[in-house]
Amino acid sequence: MLDFLGTRQRTHTCGQLRAADAGQSVTLMGWVNRRRDHGSLIFLDLRDRYGITQVVLDKDLAPEGHAKAEQARPEYVVAAIGKVRLRGADAVNPKMPTGEIEIAATELLVLNDAKVPPFSPAEDVIANEEVRLKYRYLDLRRPEMARNLEIRHKVALAMREYLNAQGFFEIETPFLTRSTPEGARDYLVPSRVHSGSFYALPQSPQLFKQILMISGLDKYFQIVRCFRDEDLRADRQPEFTQIDLEMTFPQQETIFAVVEGFLRASFEVIGEKIVTPFPRMTYDDAIRLYGIDKPDLRLPAIVDLTAELTDPLRTSLKIAQCLPVLGFTIPSVGDLSGTTRKKLMSEIGARLDASGLAVLDLVRLQSNQAFFGPAQAIWAKLGKELERFRNSVMNSTDFSVVVTPKLGVTNAPKDHLWIYKKVGQLRLDLAKQFENQHRLFEKKGSADDYKFLWVTDFPFFEWDEQTKTWTFAHHPFTSPHEDDLIAGRMTSDPEAVRALAYDIVLNGLELGSGSIRIHRQDVQQQIFRALGMSDEEARARFGFFLEALQYGTPPHGGIALGLDRLVMILAGASSLREVIAFPKTAKAIDLMVDAPTPVSDAQLKELHIRPVLRS
Ligand code: ASP
């Protein structure tokens, strides 16, 4: 039999009471986390969002309550009424904040029972994520999940407060809108009223925030949901949250300072320190030094050994002339035995082989008298980068790799970017492989845990191999460098045009991107044309925006950062799903509500839709 709540109110949470509260009469309400039956004494651990408190039911003192406690099972909802008392010295639990006290209950109400749950929120996380997602309400009862959602709340609140203090307005923009090109597929919503027409859910509020600048709102932000129907990867969600902002009359630096400010505030609020301003690097340098546009600065950079590999040396070692030779070191991988090292070298070689690259075994090279000198010069250069990175010289536990182009590699496109990218990826993969040895990815509780970086001067255009056309690298509203426009490079040398676009990178993850926008209608039109869009097509897709641009558009720019990803890093979580209350699976399914689902014929008819099932 369940009890009625009546007019009872809880006086404290389950995480609140301490030794100083001894003697107080209290009413606690919560879930039964665990129950221990010692015959005439029954212990119930009561749990809520705030913590766990032990409740004791003594058959002599509270026979009725004791009888109810006998019936209580995990996840039952109960109210315990009684007095706070100090635990005996041997019963104190120093691991629990409430571990010095317990409630000597005089009364117990069973407010609700519970089915035997498929997993216990009292236990460590279970491996089966599908079950966790299906029973998300039980999963969210786990303290770890509550903590993740608390971090998320605090971070978002700190951002809001900071931006408010800087004069930003939080302004909502529509979800039922039309396509915004961010490079993904749209989620479409059929219109019932307008047969055959569709809204698109926004991939971002890009055009609305730009229009707010045209409207003179000056500083806009929004913590906003965006929808992108992409092929899902483990770390993507079809709907995700951005901290999105836009400003009027900014230089890039103006935006950097705002972002650094709200990040500092949101890290501070959960007790983490970061150093601002963040370092900056151009896209070209990022590729040259790290082989990737989102460098992980927790590892040493790539070292250019092109000059060390002289023409005659290349001839004797069967290395292609002219092309870059690149090396890097993964520090502190441990003492590898000769066999392990050789095996690793041949694995790396096998991996590079198909792309026309090879690995140069420096240890072997050095053992040959004829190559001793050059090998030493290569070690020295690799060692210099390692010293810059960690202030100590190279030793036998550091593992260096030198990648060379094989003879006959002629298909290298301009700038040999691909070689840098291959080596950059290899550097990251090896660092991952040895992460338990070098431990450079572990949090150490210092400002070094968070390596932020601004990457600037992205190329404006990207060559799309599939369509064989130039496409935008950021989005088509990004402004090219004024110098490149003035020099006419849009048509004479599109590859050389730089965008006023920037990414913010944290520990090798892209946290967000933004740009200074095009504010002139003639330039916008020119860009659409350069992207192969006819004037008619541009008008059909963005006519409203081209129109708006003509009514006094100020220079403006902004950025958007992924909130889910940021919170994931701050919570030390392993996936975005750990920091989103109700996430979707990698197949874009919500297992709890069971969505998406087929809909009734009547609904389809109303929407003027007739499904044609393709086999
Ligand atoms: N709309 C862009 C994005 O979602 C961000 C920006 O340019 O502000 O990536």
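Both counts, for ligands and for their atoms, begin at 1 and track the order of listing.
- In terms of the side-chain contact (heavy atoms from CB on, under 4.5 Å) criterion, residue partners of E536 (sequence neighbours excluded) are, by chain and number, S534.
- For ligand 1, residues of the protein lying within 4.0 angstrom by heavy-atom distance are E182, S204, Q206, K209, R228, Q242, H474, H475, S513, G514, R517, G558, I559, A560.
- A parallel orientation is assigned to the rings of F452 and F278, their planes being inclined by less than 30° (bins at 30° and 60°).
- Looking at residues two or more places apart in sequence or on another chain, you find a ring pair (Phe, Tyr, Trp, His ring centres under 6.0 Å) between F175 and F227.
- In this view, F441 and H438 satisfy the ring pair (Phe, Tyr, Trp, His ring centres under 6.0 Å) rule, not counting sequence neighbours.
- Aromatic ring pairs are classed by plane angle as parallel below 30°, tilted from 30° to 60° and perpendicular above 60°; the pair Y450 and F267 is perpendicular.
- Between the side chains of D564 and Q237, not a single donor N or O lies within less than 3.5 Å of an accepting N or O.
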